[in-house]
Amino acid sequence: MKINVLTLFPDMFTPLTTSMLGRGLDDGKWQLNLVNFRDFTTDIHHHVDDSPYGGGAGMVLQIMPIKKALDSIKNKGKVIITAPQGKTFNQKMAQDWSQAENLTFICGHYEGFDQRVYDLADEIVSIGDYVLTGGELPTMSMIDATVRLIPGILGNDASPVEESFAHGLLEYPQYTRPENFQGMKVPAVLTSGNHQKIAQWRHKEALRATYLRRPDLLEQHALSAEEEKMMAEIKQEEDQT
(Lines give C-alpha, C1' and ligand atoms only; values in the text may rest on other atoms or scores of the structure.)
Protein backbone atom coordinates (compact mmCIF):
# COMPACT_ATOMS: atom_id res chain seq x y z
CA MET A 1 0.00 0.00 0.00
CA LYS A 2 1.12 3.54 -0.76
CA ILE A 3 -0.35 6.45 1.19
CA ASN A 4 0.00 9.99 -0.13
CA VAL A 5 -0.54 12.96 2.16
CA LEU A 6 -0.96 16.56 1.00
CA THR A 7 0.03 18.78 3.91
CA LEU A 8 1.68 22.08 4.82
CA PHE A 9 3.46 20.38 7.72
CA PRO A 10 5.15 17.14 6.58
CA ASP A 11 7.38 17.08 9.67
CA MET A 12 4.31 16.36 11.80
CA PHE A 13 4.16 12.84 10.35
CA THR A 14 7.42 11.67 11.96
CA PRO A 15 5.55 9.47 14.52
CA LEU A 16 4.36 7.24 11.66
CA THR A 17 7.99 6.32 10.95
CA THR A 18 8.50 4.83 14.44
CA SER A 19 7.45 1.66 16.26
CA MET A 20 5.55 -1.05 14.34
CA LEU A 21 4.44 1.24 11.53
CA GLY A 22 8.03 2.40 11.10
CA ARG A 23 9.24 -1.18 10.86
CA GLY A 24 6.54 -1.79 8.27
CA LEU A 25 7.91 1.13 6.26
CA ASP A 26 11.44 -0.24 6.51
CA ASP A 27 10.23 -3.69 5.43
CA GLY A 28 8.37 -2.28 2.44
CA LYS A 29 4.93 -3.37 3.66
CA TRP A 30 3.62 0.15 3.04
CA GLN A 31 4.88 3.47 1.69
CA LEU A 32 4.33 7.06 2.88
CA ASN A 33 4.59 9.90 0.37
CA LEU A 34 4.39 13.37 1.96
CA VAL A 35 3.62 16.21 -0.45
CA ASN A 36 3.88 19.83 0.72
CA PHE A 37 1.37 21.67 -1.43
CA ARG A 38 3.11 24.97 -0.67
CA ASP A 39 5.71 23.75 -3.17
CA PHE A 40 3.08 24.10 -5.91
CA THR A 41 2.41 27.81 -5.44
CA THR A 42 3.42 30.31 -8.14
CA ASP A 43 3.72 33.62 -6.26
CA ILE A 44 6.99 34.84 -4.72
CA HIS A 45 5.67 34.55 -1.16
CA HIS A 46 4.31 31.00 -1.64
CA HIS A 47 0.84 31.87 -0.37
CA VAL A 48 -1.55 28.94 -0.07
CA ASP A 49 -4.49 30.86 1.38
CA ASP A 50 -6.47 34.04 0.87
CA SER A 51 -9.36 35.95 2.43
CA PRO A 52 -12.84 34.58 1.75
CA TYR A 53 -15.14 36.10 -0.84
CA GLY A 54 -18.00 37.88 0.90
CA GLY A 55 -15.86 38.69 3.92
CA GLY A 56 -15.43 36.89 7.20
CA ALA A 57 -12.78 35.90 9.71
CA GLY A 58 -9.71 33.84 8.89
CA MET A 59 -8.09 32.66 5.69
CA VAL A 60 -9.22 29.98 3.25
CA LEU A 61 -6.92 27.46 1.53
CA GLN A 62 -6.84 28.01 -2.21
CA ILE A 63 -7.67 25.29 -4.71
CA MET A 64 -4.81 25.95 -7.17
CA PRO A 65 -1.79 24.62 -5.20
CA ILE A 66 -3.81 21.70 -3.86
CA LYS A 67 -5.07 20.70 -7.30
CA LYS A 68 -1.55 20.91 -8.73
CA ALA A 69 -0.16 18.81 -5.88
CA LEU A 70 -2.91 16.25 -6.39
CA ASP A 71 -2.24 16.10 -10.12
CA SER A 72 1.44 15.38 -9.41
CA ILE A 73 0.51 12.04 -7.86
CA LYS A 74 0.28 9.26 -10.45
CA ASN A 75 -1.71 6.68 -8.47
CA LYS A 76 -3.97 8.50 -6.03
CA GLY A 77 -6.53 5.83 -5.22
CA LYS A 78 -9.33 7.10 -2.97
CA VAL A 79 -8.91 10.80 -2.13
CA ILE A 80 -9.88 11.65 1.45
CA ILE A 81 -10.27 15.03 3.14
CA THR A 82 -10.42 15.32 6.92
CA ALA A 83 -13.00 17.85 8.07
CA PRO A 84 -15.47 18.20 10.99
CA GLN A 85 -18.44 18.04 8.62
CA GLY A 86 -17.42 14.61 7.31
CA LYS A 87 -18.81 11.22 8.26
CA THR A 88 -17.26 9.76 11.40
CA PHE A 89 -14.32 7.43 10.91
CA ASN A 90 -14.70 3.91 12.30
CA GLN A 91 -13.09 0.49 12.29
CA LYS A 92 -15.09 -0.69 9.27
CA MET A 93 -13.64 2.16 7.20
CA ALA A 94 -10.12 1.27 8.38
CA GLN A 95 -10.69 -2.35 7.34
CA ASP A 96 -11.95 -1.31 3.90
CA TRP A 97 -9.11 1.15 3.34
CA SER A 98 -6.49 -1.40 4.41
CA GLN A 99 -7.37 -3.43 1.29
CA ALA A 100 -6.53 -0.53 -1.06
CA GLU A 101 -3.31 -0.22 -3.06
CA ASN A 102 -3.30 3.59 -2.83
CA LEU A 103 -4.88 6.24 -0.61
CA THR A 104 -4.47 10.01 -0.69
CA PHE A 105 -5.26 12.33 2.23
CA ILE A 106 -5.59 16.12 1.99
CA CYS A 107 -4.94 17.95 5.26
CA GLY A 108 -6.58 21.31 5.84
CA HIS A 109 -5.51 24.21 8.00
CA TYR A 110 -6.59 27.75 8.87
CA GLU A 111 -10.34 28.31 8.20
CA GLY A 112 -10.59 25.32 5.88
CA PHE A 113 -10.69 24.80 2.13
CA ASP A 114 -12.14 26.64 -0.79
CA GLN A 115 -15.32 24.63 -1.38
CA ARG A 116 -14.00 23.47 -4.75
CA VAL A 117 -11.27 21.48 -2.96
CA TYR A 118 -13.94 19.31 -1.36
CA ASP A 119 -15.17 18.49 -4.86
CA LEU A 120 -11.80 16.81 -5.50
CA ALA A 121 -12.36 14.27 -2.73
CA ASP A 122 -14.03 10.86 -2.84
CA GLU A 123 -14.73 10.98 0.90
CA ILE A 124 -14.86 13.64 3.61
CA VAL A 125 -14.15 12.08 7.00
CA SER A 126 -14.08 13.30 10.61
CA ILE A 127 -12.71 11.74 13.79
CA GLY A 128 -15.32 13.39 16.01
CA ASP A 129 -17.48 16.40 16.75
CA TYR A 130 -14.71 18.82 17.66
CA VAL A 131 -12.34 21.14 15.82
CA LEU A 132 -8.55 20.93 15.60
CA THR A 133 -6.07 23.40 14.16
CA GLY A 134 -5.40 21.20 11.15
CA GLY A 135 -6.05 17.89 9.47
CA GLU A 136 -2.67 16.34 10.23
CA LEU A 137 -3.55 14.71 13.56
CA PRO A 138 -6.83 13.18 12.30
CA THR A 139 -5.01 11.94 9.21
CA MET A 140 -2.28 10.30 11.30
CA SER A 141 -4.92 8.61 13.45
CA MET A 142 -6.68 7.20 10.41
CA ILE A 143 -3.43 6.10 8.77
CA ASP A 144 -2.39 4.31 11.98
CA ALA A 145 -5.77 2.56 12.28
CA THR A 146 -5.61 1.51 8.62
CA VAL A 147 -1.99 0.48 8.19
CA ARG A 148 -1.89 -1.64 11.35
CA LEU A 149 -4.43 -3.94 9.66
CA ILE A 150 -2.04 -4.74 6.81
CA PRO A 151 -0.81 -8.34 7.28
CA GLY A 152 2.59 -8.48 8.95
CA ILE A 153 2.54 -4.97 10.42
CA LEU A 154 1.66 -6.07 13.96
CA GLY A 155 3.76 -9.22 13.84
CA ASN A 156 0.76 -11.29 14.99
CA ASP A 157 -2.05 -11.56 12.45
CA ALA A 158 -4.47 -12.61 15.21
CA SER A 159 -4.03 -9.30 17.05
CA PRO A 160 -6.30 -7.08 14.92
CA VAL A 161 -8.94 -9.81 14.76
CA GLU A 162 -9.29 -9.94 18.55
CA GLU A 163 -9.29 -6.20 19.24
CA SER A 164 -12.09 -3.82 20.15
CA PHE A 165 -14.59 -3.20 17.32
CA ALA A 166 -13.22 -6.05 15.18
CA HIS A 167 -16.46 -7.99 15.77
CA GLY A 168 -18.62 -5.05 16.81
CA LEU A 169 -17.74 -5.48 20.50
CA LEU A 170 -15.14 -4.01 22.82
CA GLU A 171 -12.13 -6.16 23.62
CA TYR A 172 -12.14 -8.51 26.61
CA PRO A 173 -9.87 -7.70 29.61
CA GLN A 174 -6.21 -8.77 29.40
CA TYR A 175 -3.91 -9.84 32.26
CA THR A 176 -0.24 -10.73 32.66
CA ARG A 177 2.16 -11.52 35.53
CA PRO A 178 2.04 -11.36 38.50
CA GLU A 179 -0.97 -13.58 39.04
CA ASN A 180 -1.70 -11.89 42.35
CA PHE A 181 -0.79 -8.23 42.90
CA GLN A 182 -1.70 -6.80 46.30
CA GLY A 183 -4.77 -9.02 46.48
CA MET A 184 -5.89 -8.26 42.93
CA LYS A 185 -5.97 -11.67 41.28
CA VAL A 186 -6.10 -12.82 37.68
CA PRO A 187 -9.40 -14.64 36.98
CA ALA A 188 -8.83 -18.33 37.68
CA VAL A 189 -10.19 -19.44 34.31
CA LEU A 190 -7.26 -17.76 32.53
CA THR A 191 -4.74 -19.95 34.33
CA SER A 192 -6.79 -23.15 34.04
CA GLY A 193 -5.37 -24.26 30.70
CA ASN A 194 -8.89 -24.99 29.45
CA HIS A 195 -8.93 -23.16 26.11
CA GLN A 196 -12.64 -23.65 25.50
CA LYS A 197 -13.56 -22.09 28.86
CA ILE A 198 -11.04 -19.28 28.28
CA ALA A 199 -12.64 -18.51 24.90
CA GLN A 200 -16.12 -18.48 26.48
CA TRP A 201 -14.92 -16.21 29.31
CA ARG A 202 -13.35 -13.78 26.85
CA HIS A 203 -16.48 -13.68 24.73
CA LYS A 204 -18.67 -13.00 27.75
CA GLU A 205 -16.34 -10.33 29.12
CA ALA A 206 -16.25 -8.61 25.73
CA LEU A 207 -20.04 -8.47 25.88
CA ARG A 208 -19.89 -7.18 29.47
CA ALA A 209 -17.40 -4.43 28.59
CA THR A 210 -19.55 -3.35 25.65
CA TYR A 211 -22.74 -3.43 27.73
CA LEU A 212 -21.19 -1.29 30.48
CA ARG A 213 -19.12 1.16 28.42
CA ARG A 214 -20.57 1.31 24.89
CA PRO A 215 -24.15 0.02 24.97
CA ASP A 216 -24.77 1.84 21.69
CA LEU A 217 -22.62 -0.80 19.96
CA LEU A 218 -24.92 -3.58 21.15
CA GLU A 219 -27.82 -1.91 19.34
CA GLN A 220 -25.97 -2.60 16.08
CA HIS A 221 -24.84 -6.11 17.05
CA ALA A 222 -27.11 -9.06 16.29
CA LEU A 223 -26.83 -11.30 19.35
CA SER A 224 -26.62 -15.06 18.84
CA ALA A 225 -28.57 -17.41 21.09
CA GLU A 226 -25.39 -18.02 23.10
CA GLU A 227 -24.79 -14.29 23.45
CA GLU A 228 -28.40 -13.75 24.55
CA LYS A 229 -27.79 -16.24 27.35
CA MET A 230 -24.52 -14.54 28.29
CA MET A 231 -26.21 -11.12 28.33
CA ALA A 232 -28.90 -12.39 30.68
CA GLU A 233 -26.20 -13.66 33.04
CA ILE A 234 -24.26 -10.36 32.77
CA LYS A 235 -27.31 -8.24 33.60
CA GLN A 236 -28.12 -10.43 36.58
CA GLU A 237 -24.52 -10.28 37.82
CA GLU A 238 -24.31 -6.52 37.38
CA ASP A 239 -27.60 -5.98 39.21
CA GLN A 240 -26.12 -7.81 42.19
CA THR A 241 -23.00 -5.62 42.40
Side-chain angles (χ1 to χ4, degrees), residues 1-18 21 31-98 100 102-148 165 214 216-217 220:
M1 169 187 279
K2 183 176 183 179
I3 295 181
N4 308 290
V5 181
L6 276 60
T7 173
L8 292 173
F9 304 97
D11 290 347
M12 287 187 67
F13 288 83
T14 301
L16 295 180
T17 66
T18 65
L21 268 61
Q31 301 174 58
L32 179 63
N33 177 36
L34 301 173
V35 180
N36 189 336
F37 56 86
R38 193 182 296 278
D39 296 338
F40 293 82
T41 56
T42 56
D43 69 292
I44 190 171
H45 299 293
H46 300 292
H47 287 147
V48 294
D49 60 345
D50 208 335
S51 55
Y53 281 119
M59 304 290 279
V60 177
L61 288 169
Q62 298 169 298
I63 185 172
M64 186 273 290
I66 294 173
K67 179 63 164 63
K68 284 188 173 182
L70 198 60
D71 288 345
S72 74
I73 299 171
K74 184 177 181 181
N75 297 311
K76 291 181 278 290
K78 186 186 292 289
V79 177
I80 302 153
I81 286 179
T82 58
Q85 64 265 42
K87 57 187 176 184
T88 304
F89 181 69
N90 58 34
Q91 188 69 15
K92 175 65 166 58
M93 294 169 71
Q95 290 167 343
D96 290 344
W97 292 356
S98 70
N102 300 277
L103 292 173
T104 298
F105 291 86
I106 305 177
C107 301
H109 225 73
Y110 310 121
E111 283 298 307
F113 299 104
D114 181 305
Q115 180 60 39
R116 291 166 291 187
V117 175
Y118 292 107
D119 297 335
L120 303 176
D122 298 303
E123 290 192 63
I124 302 173
V125 185
S126 167
I127 60 168
D129 295 334
Y130 51 92
V131 180
L132 299 172
T133 55
E136 284 77 15
L137 291 175
T139 295
M140 281 191 279
S141 295
M142 290 188 275
I143 290 175
D144 187 306
T146 300
V147 170
R148 67 194 303 279
F165 309 112
R214 289 292 306 275
D216 57 298
L217 295 177
Q220 308 165 35

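Along the sequence shown, residues are numbered consecutively beginning with 1. As the structure is a computational prediction, the values presented were derived from the model and not from experiment. Note that these values count all heavy atoms, side chains included, but never hydrogens, waters or copies made by symmetry.
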Looking at every heavy atom in both [X] and [Y], which two are closest together, and how far apart are they?
X: F37; Y: A69; answer: CB-CB, 3.7 Å
X: S126; Y: A83; answer: CB-O, 3.2 Å
X: G135; Y: C107; answer: O-SG, 3.7 Å
X: W97; Y: M1; answer: O-CE, 3.0 Å
X: A145; Y: F89; answer: CB-CE2, 3.8 Å
X: G134; Y: H109; answer: CA-ND1, 3.3 Å

To the nearest 0.5 Å, how far apart are [atom1] in [X] and [atom2] in [Y]?
X: D119; Y: K67; atom1: CG; atom2: NZ; answer: 12.0 Å
X: T139; Y: F13; atom1: OG1; atom2: CZ; answer: 5.5 Å
X: N75; Y: L103; atom1: CG; atom2: CG; answer: 12.0 Å
X: L6; Y: S72; atom1: CG; atom2: OG; answer: 7.0 Å
X: E123; Y: F105; atom1: CD; atom2: CZ; answer: 9.0 Å
X: I80; Y: M93; atom1: CD1; atom2: CE; answer: 7.0 Å

Query - V60 vs Y53, side chain to side chain contact (heavy atoms under 4.5 Å, CB included): CA-CA, chis, key distance, verdict - result: CA-CA 9 Å; V60 177; Y53 281 119; over 6 Å; no
State, with a plain yes or no, whether a side-chain heavy atom of [X] is found less than 4.5 Å away from one of [Y].
X: M12; Y: T7; value: no
X: V117; Y: L61; value: no
X: D144; Y: M140; value: no

Query - Within 6.0 Å of NZ in K76, more than 12 heavy atoms from elsewhere - result: yes
Query raised in the report: Taking atom CG of D43 as the centre, does the number of heavy atoms from other residues, nucleotides or ligands within less than 6.0 Å exceed 12?
Result: yes
Requested in this report: Show your reasoning for whether side chain to side chain contact (heavy atoms under 4.5 Å, CB included) applies to F40 and D71.
Outcome: CA-CA 10 Å; F40 293 82; D71 288 345; over 6 Å; no
Requested in this report: Could you check I63 against I66 for side chain to side chain contact (heavy atoms under 4.5 Å, CB included), going step by step and ending with a plain yes or no?
Outcome: CA-CA 5 Å; I63 185 172; I66 294 173; 5.6 Å; no
Report task. Apply the side-chain hydrogen bond (donor to acceptor under 3.5 Å, both in side chains) test between T41 and each candidate in K68, H46, H47, Q62; give the one that qualifies. Result ->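 Answer after filtering K68, H46, H47, Q62: H46.
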**Report entry** salt bridge (charged side-chain N to carboxylate O under 4.0 Å, His left out) against D50, all qualifying residues, sequence neighbours excluded
**Finding:** none
Query - Donor-acceptor contact present, side-chain D122 to main-chain V79, <3.5 Å - result: yes
Report summary line: Only one of T104, L32, N33 passes side chain to side chain contact (heavy atoms under 4.5 Å, CB included) with V5, and that residue is L32
